[in-house]
Amino acid sequence: MSQEAHETNEPETPHLDFDGTTPYEDYVRADVLTHLQHTLSDDPGEMVFLVTTQVMELWFTVVVHEWETAAKALREDDVPVAVAALKRSVRELEALNASWKPLGQLTPAQFNSYRSALGEGSGFQSAMYRRMEFLLGEKSASMLVPHRGAPRVHAELEKALHEPSLYDEVLRFLARRGHAIPEAVLKRDVSERYEPSEAVEAAWTAIYAGDQNSELARLGEALTDVAELVWRWRNDHLVATRRAMGAKPGTGGSAGVAWLEKRARKNVFPELWTARSHV
C-alpha cells in the first residue's frame, strides 16, 4: 500500500462516542480519584497537601504489592521474580520519595494556615504505610490500636502482623540455600520487630565476599537499594517536618521531629549494612 493510500485510510480522530463512561474511566476510575479531595480550610495550600498525601497512599499500595510479590516468589525459590519485583519497587520508592517535593519547602506560617484542619490526623495512622513497615520487619502490635474502629483495615493489619516479613522470607531462603541461619531466627515470633543477628551478618558477609554476579549477591543488592530508599524517605520526612513545624509536637499526639529523628537513625535489613565492614 502506498504512503498516500495509507494516509487516506487513516482515521482523522479517535473513537469518541461510547455507551456510558469511557473505557479509560472504567479502568482508571479517574472521576472517583479526582473527587476525593475535600479540603477543610480556605487556604489554597491545603489542596496541595491533601493531594500529595493521597498520592503517597497510592504509592504505598503499589510498593506493598511489589514486596508481597517478592515474598511469595522467595517462598517458591523464584529469585528472578523476587528481584524483578524489588527492582520495580525501587523505581516506585523513588517516585514516592519525590512526593516530598511539593511539601518540602513549607514555611511554618504556610503549614499553620491549614494545620488545624488535620485535627488529630497524622501520617503514622496510615494503615497502608503500616503494612509497608510490617513487610520490612518493623512489627508492633500497638500500631493496630488506632485502627480498631475500622474492622476490615484492622483485620488486614493483624494478618500482616502475624505473617513473615519480606526479610523473614529472605532469611528462610538463605537457609534453604545452605547458609547457617540460626533456628532462633528462622522460628522467631514474626509478630515481633526483627532484631539483628551476628550469624545473619556472617551469611551476608560470605555472600558478598563471593561471586558478585551470583543470584544471592543480586538479591542482596536489590534489598539494599530498597533499604537505602526507605532510609531516604524517613530522612526526607524528617527534613520536611523540621522545616514546617520545627520541634513542636506532631499532629495526632506524636513527638514530631524527635520521633522522626529516632526513626531516621534505623536501617532496615540491618545485616546487609554491617556485613560490608567485614568484606
Can you give the donor-acceptor pairs under 3.5 Å from side chains of residues 90-98 to other protein atoms, not counting sequence neighbours?
from	atom 1	to	atom 2	distance (Å)
Asn97	ND2	Leu229	O	3.2

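For the atom pair Asp43 CG and Arg115 CZ, the distance stands at 14.5 Å (nearest 0.5 Å). Considering CZ of Arg176 and CG of Asp77, their distance stands at 4.5 Å, rounded to 0.5 Å. Distance check: Glu46 CD to Leu118 CG gives 7.0 Å after rounding to the nearest 0.5 Å.
Counting heavy atoms from C-beta on, the side chains of Val185 and Pro182 come closer than 4.5 Å. Proximity of Leu50 to Thr39: side-chain heavy atoms (C-beta onward) are separated by under 4.5 Å at one or more points. Annotation: side chain of Pro108 is not in contact with side chain of Met245 (no heavy-atom distance under 4.5 Å). The shortest side-chain heavy-atom distance between Leu135 and Glu68 falls under the 4.5 Å cut-off.
No donor-acceptor pair closer than 3.5 Å links the side chain of Gln125 to the backbone N or O of Pro146. Not a single donor-acceptor pair under 3.5 Å links the side chain of Thr52 to the backbone N or O of Phe49. A donor-acceptor pair under 3.5 Å links the side-chain atoms of Arg218 to the main chain of Asn213, judged by distance alone. Between the side chain of Glu25 and the backbone N or O of Asp31 there is at least one donor-acceptor pair closer than 3.5 Å. The backbone N or O of Asp225 lies less than 3.5 Å from no partner atom in the side chain of Glu228, so there is not a single donor-acceptor pair. Side-chain N or O atoms of Gln37 include one that pairs as donor or acceptor with a backbone N or O of Leu33 at under 3.5 Å.
Defined by atom type and a distance below 3.5 Å, a donor-acceptor pair is present between the side-chain atoms of Asp189 and Ser191. For Trp67 and Ser89, the side-chain atoms include at least one donor-acceptor pair closer than 3.5 Å.
Follow the hydrophobic side-chain contacts under 4.5 Å out from Val239 and you never reach Tyr129; the two are in separate clusters. Linking ILVMFWY residues whenever their side-chain heavy atoms come closer than 4.5 Å, directly or via other members, leaves Leu58 and Met128 in distinct clusters.
Screening residues 78-105 for ring pair (Phe, Tyr, Trp, His ring centres under 6.0 Å), with sequence neighbours left out, gives Trp100-Trp233, Trp100-His237.
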**Prompt:** Which is it for Trp204 and Leu223 under the side-chain contact (heavy atoms from CB on, under 4.5 Å) test, yes or no, and what are the steps along the way?
**Reply:** CA-CA 12 Å; Trp204 283 118; Leu223 290 164; 4.2 Å; yes

**Message:** Could you go through Glu156 and His147, starting from their C-alpha distance and side-chain angles, then the distance that decides it, and tell me whether this counts as side-chain contact (heavy atoms from CB on, under 4.5 Å)?
**Reply:** CA-CA 10 Å; Glu156 290 174 351; His147 306 283; over 6 Å; no

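In this structure, Val153 and Ala127 approach most closely via the heavy-atom pair CG1-CB, 3.3 Å.
With respect to the salt-bridge test (charged N to carboxylate O, under 4.0 angstrom), the residues Glu76 and Lys72 qualify. In summary, Glu192 and Arg188 do not engage in a salt bridge, as defined by a charged side-chain N under 4.0 Å from a carboxylate O. Ion pairing between Arg130 and Glu57 fails under the 4.0 Å rule for side-chain N and carboxylate O.
The local environment of CZ in Arg29 is sparse, with at most 12 non-hydrogen atoms from other residues, nucleotides or ligands closer than 6.0 Å.
Annotation: cation-pi geometry satisfied between Arg276 and Tyr208 (NZ/CZ under 6.0 angstrom from ring centroid, within 45° of ring axis).
For Tyr167, the ring-ring contact (aromatic ring centres under 6.0 Å, His included) partners at least two apart in sequence or on another chain are Tyr194, Phe269.
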